[in-house]
Every structure is written in C-alpha cells, then in structure tokens.
> 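Quick one: the structure is below, and I'll ask about it shortly.
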Amino acid sequence: MDRATACNSRHVNGRGNYVLYWMTCYRRRYFNFALERAVFWATELRKPLLILEALACDYPWASERLHTSVMEGMHDNLGTFEHSPAAYYPYVEPSPGAGRAVFSSLAKRACLVVTDDFPAFVIPRWIETVATHADVLVEKVDSNGLYPMRATDRIFLTARSFRTYLKKSTPSFPVPDPLEGIDLPHMRKPNRLSRKLPPIPPCVPRDVRPVPRLKGGVNAARKNLRKFIRSDMKSSGLSPYLHFGHISSHEIYGEVTKARRRDSEHFLDELITWRELGFNMCALERDYDKYAALPGWARKTLASHARDKRPVIYTPDQLENADTHDAVWNASQDELITTGRIRNRLRMLWGKKILEWSATPQEALDVMIHLNNKYALDGRDPNSYSGIFWVLGRYDRPWGPERPIFGLVRYMSSASTAKKLKAESRNA
DNA sequence: ATCGGCTCGCGCAA
DNA sequence: TGCGCGAAGCCGAT
C-alpha cells in the first residue's frame, strides 16, 4: 500500500487494548484510506477500534470560526458512527496542552496508532512529536487525493507537466464505507472521553466569527455537492469541506463522473490536477511556505524591482481592516472577513494588490499567509499556499512587459477584474 | 471583439 | 536542437 508510511520503528503491541485512529484531517467515515487502514489492523489483531477525532485549542489562528466548522463535523460524525462497530469519540481540547495527556494515556494502551498524513501547517510536526514519544508503531496514511502524494519524489513546477504525469499514473480509491460488514470487539468507554460535545472552550479567540451560512460537516458537504452537480458546475464551494476532510475528493470525483455532464472537465482539472499539485509541493518541498521556494525567475525579477518606489504602501493592519483606496479590493477583503472565502477571480487580484502595496514581496507573502490562514475556512491547506504563491510566480510564467514592483511577474488591475466580474454576472 | 507580443520551462518530435 | 504551448493578464492595434 503506497499510502501508508511508518513514522517510527516501534512495533505493534499485540497485547494492547485497541487500535487507535487519531483523526486529525480526514474527519469522515466515508472514502477514507486512513480509517480503512485502521479497520484493517483492528480486524487483523481482533481488537476494538477507537476513533479519536481531535481538535486542539491553541494552534496558530485557532478561532471560533474554525472550531465551529470542525465541531459541526463532529456532530455529524456522532451520527455516522452510531451503531458502527467502532468506538467514536470527538475530543475538543478544553485548555492549552490538555490534549497531550489524554492522547498519551490513550496511546499507552493502544496496539498501534494510525493517523492522517497531511503535508501542511502544524500537522507534520504533531505527527513527528507523537511518533517520537509513542511506545508503539505510528502509521500515517494519505487519503488526500486520487493519486498518492508520495508516489513520486519529483516536485512539479507547472500544472502542465503534472497533468502529463498524472495521465500516466493510476488513481486509487478507498472503499466507500470501511466499516460496512465489519465485526469488531467492543470496548469500555475510556476515562476522560465523552460522546457529548462541549461548548467551544473559553481559550479559543472569538474575534473571527463563525459563518452560519456555511455549515461544516459531512451532511452539509454532501448537500453542497448534490446542489453543485444539479446547477451550473461553476463554483462548487466545496473547498472548506475538502480542507476539513468532511468529504473526500474520491467521492466528489465519483458523483461528478456519474452525472456525466459535459461541462465537468474544467472542474475535474481543478479538483485533481491543481489540488493534487499543491499536495505534491507541500509533501516534497520542506520550504513550501517560504519565499525561498519560489522559482528562480520569479525571485530574480522581484529582487531586481525590490527597490522600486511603491506609490502606496499599506500596513498589515490597514490591509486587514480593508482600509485602502481601492473599493474592489476592500470588497474582497470584507468578503474574506465575513464569509470566510473570496470568489475565485477576486482571490488572485486580492493577492496581486497586496504584493503591489507592501514594502517588500517577503512582507506581502507574510500578510497573505496571515490573512488567509486567519479568515479563510479553507486556509492552512496546500491549495491556499498554491494560490498565495501563484501571486508571486509559482506555477506561472513570466509575462511582459516588465513593470515596476512586479518585474515579469503577472500583473492584474482592479479595473479590468471588476469589468470581467460584471460581465460574468450579466451572463449568469 | 479579437489578435499578437511580452517571457520561461518543459515535453516531445526530429 | 527546435517547437509549441501553457489557470486566471495587459496593452495597443485592427
């Protein structure tokens, strides 16, 4: 299986009480290779399966908004795992650090730990810490996309070459429901765990409000998928669900293909080529979120314009508060703050202007990462980093004429973006 | 409304 | 070695 990776060289403890699935990113029952793997181990060892869906409270950019989405997903999962052969427990960390003790006491009694292999944000560090301290085997499993992200060690620099590579590879699919028809021993409720969801802990910052119109969880995800396929196939709105793992790209691919719509090609390219291109970068490039990982031509051309006079410079605070002279840009930043998303076309303009209005490209990068991770429901994801770095030249090519600040990095203007948006809404 | 040129990396044909 | 082509553009010429 090219989706499972051992994270330490410890052994499976056949005398453990259960197999522990530490669910951190694929927060779902269905189409989940990691859960499938955990079920395999539990069956093999004839042990109960304990699923711990964990939510920390002190990771960077933790907010009421993100907690709400994840906990809505937990609420759905309480339903989906009810009457299943596995023991499912949501765990919402009540205060900073509390989760460590709970996790390590659970891991002590486990035969092994299976967890989600996610290549970005804090997850790789968490897995490393746990793998170092655990007394048993820790396995991470890749259920991110149709193609295993570690099947190659080549970092792809253009979508075109990645597309050609994918055409030559074979996608692999998890079973729709890994718990169907499975018989496992039952287990007693572990201490300190409960099937009830607590309120959002007081330590979670309240400054980024939830988005009631965009409910998290597998039920809302599937509802949105059905609606998307029934309608125009233009903007799916599925990226927050993909990010939290409330739905898998395998299921989306399956449903879209089943519908046999002729206009689905663009969407599938976005879902597969572009989405998995981002996972390829994060999985294989250690510095995926650092300025230094930009392509050489982009760094070179931006450097040669580093000392260009900026007609306007806004501070990170002014940008965050949507306090610029540009109405189109302010609207996109407002949209990000209130809805947790920016529409596709505006998203790129949003970044290009941050580059134009920051003292240096490095500062622009910092601001983009901060604002996107803080407010976007689908932030902190390989795809976010693709979008942000695209602004600075990643996956793009040079475009003349050479301009101030941008050099040969593609430029965008608010006026023509606004014009295109208007034309699009007229056609709709 | 549509077209080419701006410029680089990659894959493929030769 | 050369050629065509590429997520989201812009600008000026027709």
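What you are looking at is a predicted structure, and each value in this text was computed from that prediction instead of being measured. What you see below is based on every heavy atom in this structure, not just the backbone, and it leaves out hydrogens, waters and symmetry mates. Numbers restart at 1 for each chain; the letters A, B, ... are given by sequence-line order, proteins then strands.
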> Parallel, tilted or perpendicular, judged at 30° and 60°: which one describes the rings of W350(A) and W329(A)?
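If you compare the ring of W350(A) with that of W329(A), the planes turn out parallel.
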> What distance separates R345(A) CZ from T417(A) OG1, expressed to the nearest 0.5 Å?
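Reported value, rounded in 0.5 Å steps: 7.5 Å.
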> When every nucleotide of nucleotides 6-14 of chain C is labelled 5' to 3' by its protein contacts under 4.0 Å (heavy atoms), B for base, S for sugar-phosphate only, - for none, what sequence of letters results?
BBBBS----
> Just by distance, with hydrogens left out, do Y21(A) and N32(A) show a side-chain donor and acceptor under 3.5 Å apart?
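Judged by distance alone, the side chains do pair up.
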> Testing the 3.5 Å rule here: is there a donor-acceptor pair between the side chains of E402(A) and H305(A)?
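There is such a pair (donor and acceptor under 3.5 Å, judged by atom type) between the side chains of E402(A) and H305(A).
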> Count the heavy atoms belonging to other residues, nucleotides or ligands that lie under 6.0 Å from NE2 of H325(A), then report whether that count exceeds 12.
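Enclosed: over 12 neighbouring heavy atoms sit under 6.0 Å from NE2 of H325(A).
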> Would you say that Y30(A) contacts T80(A) through its side chain, given a criterion of any heavy-atom pair below 4.5 Å between the two side chains?
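With C-beta onward as the side chain, the pair touches.
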> Give me the distance, rounded to whole Å, that separates dG9(C) from dG9(B) when you measure between the P atoms they each carry.
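Rounded to whole Å, the distance is 22 Å.
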> For R299(A), report the nucleic acid contact type (base, sugar-phosphate, nothing); a contact means any heavy atom under 4.0 Å.
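Here R299(A) touches no strand at all.
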> What's the CD-P distance between E402(A) and dC6(B), to the nearest Å?
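Distance check: E402(A) CD to dC6(B) P gives 13 Å.
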> For the rings on Y147(A) and Y165(A), is their centre-to-centre separation under 6.0 Å?
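No, the ring centres sit 6.0 Å or more apart.
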> Going from CD on E320(A) to CD on Q333(A), what distance comes out if it is rounded to the nearest 0.5 angstrom?
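Reported value, rounded in 0.5 Å steps: 7.0 Å.
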> With P as the reference atom in both, quote the distance from dC5(C) to dC3(B) in angstrom, rounded to an integer.
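Each nucleotide's P atom is 15 Å from the other's.
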> Counting Watson-Crick and G-U wobble pairs whose two distances are both under 3.5 Å, find the runs of 3 or more in a row that involve DNA chain C.
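B:1-6 with C:9-14, B:8-13 with C:1-6 - these are the stems of 3 or more pairs that involve DNA chain C.
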> Please state how far atom CZ in R394(A) lies from atom P in dG9(B), giving the value in whole angstrom units.
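My rounded result for the distance is 16 Å.
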> So L349(A), base contact, sugar-phosphate only, or nothing? Heavy-atom distance under 4.0 Å.
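L349(A): no heavy atom of the nucleic acid under 4.0 Å.
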> Which whole number of Å gives the distance between the C1' atom of dG4(C) and that of dG4(B)?
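The same atom, C1', in both gives a distance of 16 Å.
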